[in-house]
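This report concerns only the one structure given below.
We count ligands from 1, going down the list as the structure has it; atoms in each ligand are counted the same way. Note that the coordinates shown come from a computational prediction; the quantities given were computed from them, not determined experimentally. For the single chain, residues carry numbers from 1 onward in sequence order.
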Amino acid sequence: MSTPSLKFGLPKGSLQDPTVDLFKQAGWNVYVSSRSYRPSINDDEIDMRLLRAQEIGRYIHEGFLDCGITGKDWIYENNAEVEVICDLAYSRATSRPTRWVLVVPEESPIKSVEDLEGKRIATEGIGITERYLASKGVNAKVEFSWGATEVKVPELVDAIVDITETGNSLRANNLRIVDTIMESYPQLVIGKEAAKDPWKRAKAETIGLMLRSALDARGKVGLKMNLPQNKLQSLLECLPSLRLPTASTLANSDEWVAVETVIDESVVREILPKLKELGAEGIIEYPLNKIIG
Ligand SMILES: Nc1ncnc2c1ncn2[C@@H]1O[C@H](COP(=O)(O)OP(=O)(O)OP(=O)(O)O)[C@@H](O)[C@H]1O
Ligand SMILES: O=P(O)(O)OC[C@H]1O[C@H](OP(=O)(O)OP(=O)(O)O)[C@H](O)[C@@H]1O
Ligand SMILES: [Mg+2]
């Protein structure tokens with residue numbers, strides 16, 4: 001019998017590298033060669049296709065793909081009827097969500113969406129923009145932009161609706177946010193038909209669990225140390241960030257305990273000297289690949 005497989009859409013473009021990195025952390029090596037749209041993966045049960053994020057939702061909806069990762073924004077834009085397995089909190093450059101924003105030049109007289117009545121707006125997300133304007137009761141002409149949308153204001157249009165993540169592009173082009181229309185994270189989604197197949201659903205949920213636990217481990221480290229038993233209470237009192245550590249007695253000693261915990265990597269540099277002061281010994285910090293709550 002041939003191995004069953006899940007036809008999986010990997011997003012090409014902004015999300016490609018961060019998605020491959022996330023799979024790596026979750027335990028899968030994905031290799032995308034420069035001209036091939038069939039990435040290889042060290043799992044015979046996953047059959048990957050590299051496709052534009054804008055199109056993955058539609059291909060899952062139509063059944064060409066079983067499952068995949070794309071932005072919540074493009075699922076909404078395309079009205080793709082898919083089942084969301086989970087949100088995945090990563091972006092192109094940070095762990096912050098991308099935002100679709102209504103933007104004008106810094107010196108523009110436009111202060112609110114109502115000021116756009118009868119005006120022109122360029123965007124890659126026609127549906128997102130039109131539904132937003134309709135919800136505000138504003139009539140404006142929305143025209144499709146193939147990208148590099150920032151350069152179009154104010155010469156070609158009065159405002160644009162574009163994605164922002166770090167805000168660098170807006171700052172570089174002297175643009176001001178008038179309103180935030182939606183926030184979006186990548187999502188792991190499965191098609192209606194694939195979701196009815198117990199094997200495919202279980203495989204997709206396993207992928208979701210591994211990807212989420214990899215994301216949960218980001219920015220966290222494990223910490224282990226030996227501590228005099230009589231200092232355990234002080235440790236908990238003066239280091240509130242060491243929440244719920246595990247303390248176990250050391251073999252051959254009633255006076256020392258082994259303490260183990262998980263903390264934010266950003267606080268390690270403040271905590272380590274304090275642990276040393278309390279008399280902790282053999283302190284080790286180690287990276288974490290996954291955390292399953
Ligand atoms: N900084 C970012 N810029 C663009 N998209 C981002 C960013 N971070 C995350 N994304 C997400 O990546 C997905 C694809 O974005 P987008 O539609 O801009 O295409 P792209 O992959 O950037 O390709 P293109 O070069 O055509 O813009 C969207 O779901 C979007 O929310
Ligand atoms: O807030 P930032 O971190 O600067 O990210 C936002 C920028 O990234 C996207 O552009 P992309 O690189 O996808 O090119 P595009 O303009 O051709 O879509 C988006 O359209 C913004 O220009
Ligand atoms: Mg883009």
Do Ile121 and Val153 share a hydrophobic cluster (ILVMFWY, side-chain heavy atoms under 4.5 Å, transitive)? no
Test side-chain contact (heavy atoms from CB on, under 4.5 Å) applied to Tyr37 and Leu51, step by step: CA-CA 7 Å; Tyr37 294 98; Leu51 286 158; over 6 Å; no
So, Asp179 and Tyr132: side-chain donor and acceptor under 3.5 Å apart, yes or no? yes
Has ligand 1 got any nitrogen or oxygen that is less than 3.5 angstrom from a nitrogen or oxygen of Glu124? no
Output yes when the distance from some N or O of ligand 1 to some N or O of Trp100 is under 3.5 Å, and no in every other case. no
Looking at ligand 1, is there an atom of it that comes within less than 4.0 Å of some heavy atom belonging to Gln16? no
Side chains of Phe8 and Asp43 in contact at under 4.5 Å (non-hydrogen atoms): no
So which heavy atom in the protein is nearest atom 31 (O) of ligand 1, and how far is it from that ligand atom? Asp73 OD2, 2.6 Å
I'd like to know if Arg52 contacts ligand 1, where contact means a heavy-atom distance under 4.0 Å to any ligand atom. yes
Below 4.0 Å, non-hydrogen atoms only: which portion of Gln54 touches ligand 1? Side chain, backbone, both or neither. side chain
Only pairs under 3.5 Å count here: list side-chain donor-acceptor contacts from residues 263-289, not counting sequence neighbours, and write none if there are none.
from, atom 1, to, atom 2, distance (Å)
Asp264, OD1, Lys220, NZ, 3.3
Tyr286, OH, Glu260, OE2, 2.6

Pick one of side chain, backbone, both or neither for how Ala53 approaches ligand 1, counting any non-hydrogen atom pair under 4.0 Å. side chain
At a 4.0 angstrom heavy-atom cut-off, ligand 2 is contacted by Ser14, Arg92, Glu124, Gly147, Ala148, Glu150, Asp162, Ile163, Thr164, Glu165, Thr166, Gly167, Asn168, Ser169
Under a 4.0 Å threshold between the charged nitrogen and the carboxylate oxygen, would Glu143 count as salt-bridged to Lys152? no
For ligand 1 and Glu165, I'd like to know whether there is a polar contact (N/O to N/O, distance under 3.5 Å). yes
